[in-house]
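If you're wondering where the values come from, they're calculated on a predicted model, not measured in any experiment. Numbers restart at 1 for each chain; the letters A, B, ... are given by sequence-line order, proteins then strands.
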Amino acid sequence: MILRRLIFGVILTCVATASVQADDITSAVKTLQSVEPGGKGTSAAREAAEVLSTAGDKALLPVLQGFEGADLLAANWLRNSFEQIVDGIRDSGRKLPAAELEAFIRDQKQSAVARRLAYESLKIQTPEIEARLIPDCLLDASPEFRRDAVAMLIAQASAATEASVSTPLYRKAMQGAVHEDQVKTIAEALRKNGEEVDIRKHFGFISQWYVAGPFDNKDEKGFAVPYAPETEASISKGADFAAEYDGQLGKVQWQPLASEDDYGVIDIAKQLENHKGSLMYARTTWTSRGDQQVQIRLGTPNSWKLWVNGTLVFEREEYHRSSQMDQYSVPVTLKAGENFLLLKVCQNEMTQDWAQRYQFQVRICDGTGSAVLPLTSTASNDSQPGVSR
Amino acid sequence: MRISITVLSVVLMCADGFASDWRQFRGNDANSVAVGESLPTELSGDMIAWKASLPGRGLSGPIIIGNRVFVSASSGYTQDRLHVICVDAVSGKQSWERQFIATGRTMTHDKMCNATPTMASDGEHVFAFFSSNDLVCLDLDGRIQWFRGLGSEFPNASNSLGMSSSPIVIGSTIVVQVESDAEAFACGIDAVSGETKWQIERPRAANWTSPSLLPATGDHPALALLQSSKGLTAVDPETGTIVWNFDKGASTIPSSTVHAGAILIPSNGLTAIRPGAGSFEELWNASGLSPGTSSPVVIEGTAFVLNSAGVISAGDAKTGERKWHLRLRGDFSSTPIAAGGYLYLVSESGTVFVVRPEADKGTIVSELDLAETILCSPGVADGALYVRSDRHLFKLAKQP
């Protein structure tokens, strides 16, 4: 009786699967690719997801290919379809198409998220794929693949007893490292081996700034006040460094301020003064090799606003809720040539020990977290990539 | 006749199933009381019915629908991998796992993680919410029903220390609080379509509390209770209309608890109010009954508050008069649950304490060290207690 039911179920599944045509799959993938925020189009997306899970094996690669160009919302719908299909294949005792999936994983033109998903699914079935694939992923478009490749090299380097063996391995690992913990590990090992490491350049931190202030931020009101540095015509052009402003304590002008910190921290409290209830403006010029989309990543425990070429790209009014590298990520498009960044950083009047920090760190990178370096910046010509040797 | 009633009760319980479910943070009524449940009181290692591996970290508690246990987790270097796991309650075997990618900010304090809010369910779907303000609806078999990236829709509504508010389901609405220094709102999401039914502005300040449920009584429909540093606001879960507002301030970590028609608010210690038609009456305030991270629990006329250092204090739920206190060992983040007249409390270092509360004292009846960091509030169903660490989901139950 049970066997008859099972056979009937398999037949039904086969009939249903066979009834889904390639056009249906293409259409369903497109529906999921175009799912909108706000819960709009959910009903159509649910039906499309059902079509794909019913289609089974033959929808596996089209679903993965559908990730390319899809936003994260659509990717989450596609991912769920993929996982359902994979569950169906496994539940029926069949294998995933290893050769096709491996070819997909190796295809750098495909979505990094989809390639990683395919890899993790295939790895359960074929664990040896890790040793075969990961060493080639040091400069992958997926930060997760990079992390695995870097970890492999760190493991090899740390097992070496001679610096002459470990140093080249660490240097190679550094080329792909995009995560702070791995970079710290590598930098520490290289420095122990007597090597110079420029972490600031590796991550693309902007270390040279001009700052003006303090301006009044008593009762946190200054965040909303458009002081002269953010309203003057020069906000979208090179700064008028001779300009003089009415500050909180008198006239203020732009002053150069550089960071020697590995992580590009500009410590206003330490390098200038922790003016409570104040705000500062910081600006820099960043010369881009061409028009390009980048991420400006920022860390600060203070409230802030950021303008790029005169356009406010993000603002955040939150004080002393912790701070870390890459705390915020703002996608922006830079133009070829000079780009003008203006940052407003606000300190409040909290008196607790943990509320005294008045600082920021800014870097420019791509989606993997790899530094995007300028041709030139205001006071720095950091145009060479990676590790100083 | 007695047999008939018993049979009827069993039939009704089987038909509904709701009574034995644990559908959201602090249970179906969001008050941490497992009605009709009897859990083992003499804990030992033999009570660990199973221990299932989890793919990521989490402070979220388990929820239980029928024979399925659901829990969320997060993983990855940036905690951007969101997991929803379904485990068979009988065998402890994983039925399915689904993963998603966070669309909002994933940064949290080291003690927290992206999977901090507890999931919720209407019995047919599960709703997983994360610190990144991603809200995903799945059916019980793991098929996606909808996905709301509230983190990307409202990119300033985040907290660099992490968000922890757990949504609750009232009728066909999921009530969500997304409150931070930079942006704050609450909304009602339609359980079927995933669309926003209503959205209201909330006090712009960091807030880690969860909505509470004021159950329907007589002519009064159920209300959602939204707590913040400003106080407690009762809203209609269908429309978001504010019904009344308690404006004497409240904690931003432990949440309010409803018991026997009264609401215990973590406000100036503990404040009790009795809601009426469109308003409320203040009953008492007890500054000596101050909860830490855990929310208050009430059983048999006694209110219990647990501070972060492990001191549980008992007070008269009618007057606020303090009765006794008992010092446990360790630090505590999770909210205790009450079952069969006992309190079950889990320390951060993973010790489960069973406490028998009496009129003038509390006694530790037994304890079991699970030897893993546990910050979640437990779930209870069918005579079993479920807790999760960053690595495992545990089922504690009497041996069959």
Of the backbone (N, CA, C, O) and the side chain (C-beta and beyond), which part of A:S322 lies under 4.5 Å from a heavy atom of chain B, both, or neither? both
Note: vs chain B, highest number of non-hydrogen pairs under 4.5 angstrom among A:Q84, A:K40, A:E50 is A:Q84
Heavy-atom distance under 4.5 Å to chain B: side chain of A:V35, backbone, both or neither? neither
The interface call for A:R147 against chain B, heavy-atom contacts under 4.5 Å, is side chain
Please rank B:S152, B:C137, B:P155, B:G149 by heavy-atom pairs under 4.5 Å with chain A and give me the top one. B:P155
Between B:I101, B:I144, B:T106, which residue shows the highest count of heavy-atom pairs closer than 4.5 Å to chain A? B:I144
Parallel, tilted or perpendicular: rings of A:H320 and A:W354 (30°, 60°): perpendicular
Side chain, backbone, both or neither: which part of A:R116 has an atom under 4.5 Å from a heavy atom of chain B? side chain
Heavy atoms only, distances under 4.5 angstrom: which of B:E195, B:Q145, B:R204 has the most pairs with chain A? Name it, please. B:Q145
Count the heavy atoms of every other residue, nucleotide or ligand shown that sit under 6.0 Å from CG of A:D91, and state whether that count exceeds 12. yes
For B:K197, look at atom NZ and say whether over 12 heavy atoms of other residues, nucleotides or ligands are found less than 6.0 Å away. yes
List the steps, then state whether side chain to side chain donor-acceptor pair (under 3.5 Å) holds for A:E317 with A:S303. CA-CA 5 Å; A:E317 194 172 13; A:S303 293; 5.4 Å; no
Scored by heavy-atom pairs under 4.5 Å with chain A, the best of B:T103, B:L82, B:N156 is B:N156
Quick one: are A:P301 and A:Q359 in side-chain contact, heavy atoms under 4.5 Å? yes
Heavy-atom distance under 4.5 Å to chain B: side chain of A:E120, backbone, both or neither? side chain
Okay, A:E180 and chain B: the region with an atom under 4.5 Å from a heavy atom over there is both
Can you tell which part of A:D181 gets under 4.5 Å to a heavy atom of chain B, answering side chain, backbone, both or neither? both
Contact part of A:D87 toward chain B, heavy-atom cut-off under 4.5 Å: side chain, backbone, both or neither? side chain
Heavy-atom neighbours of A:Q125 CD exceed 12 at 6.0 Å: yes
If we define contacts as heavy-atom pairs under 4.5 Å, which of B:A182, B:S160, B:G194 has the most with chain A? B:S160
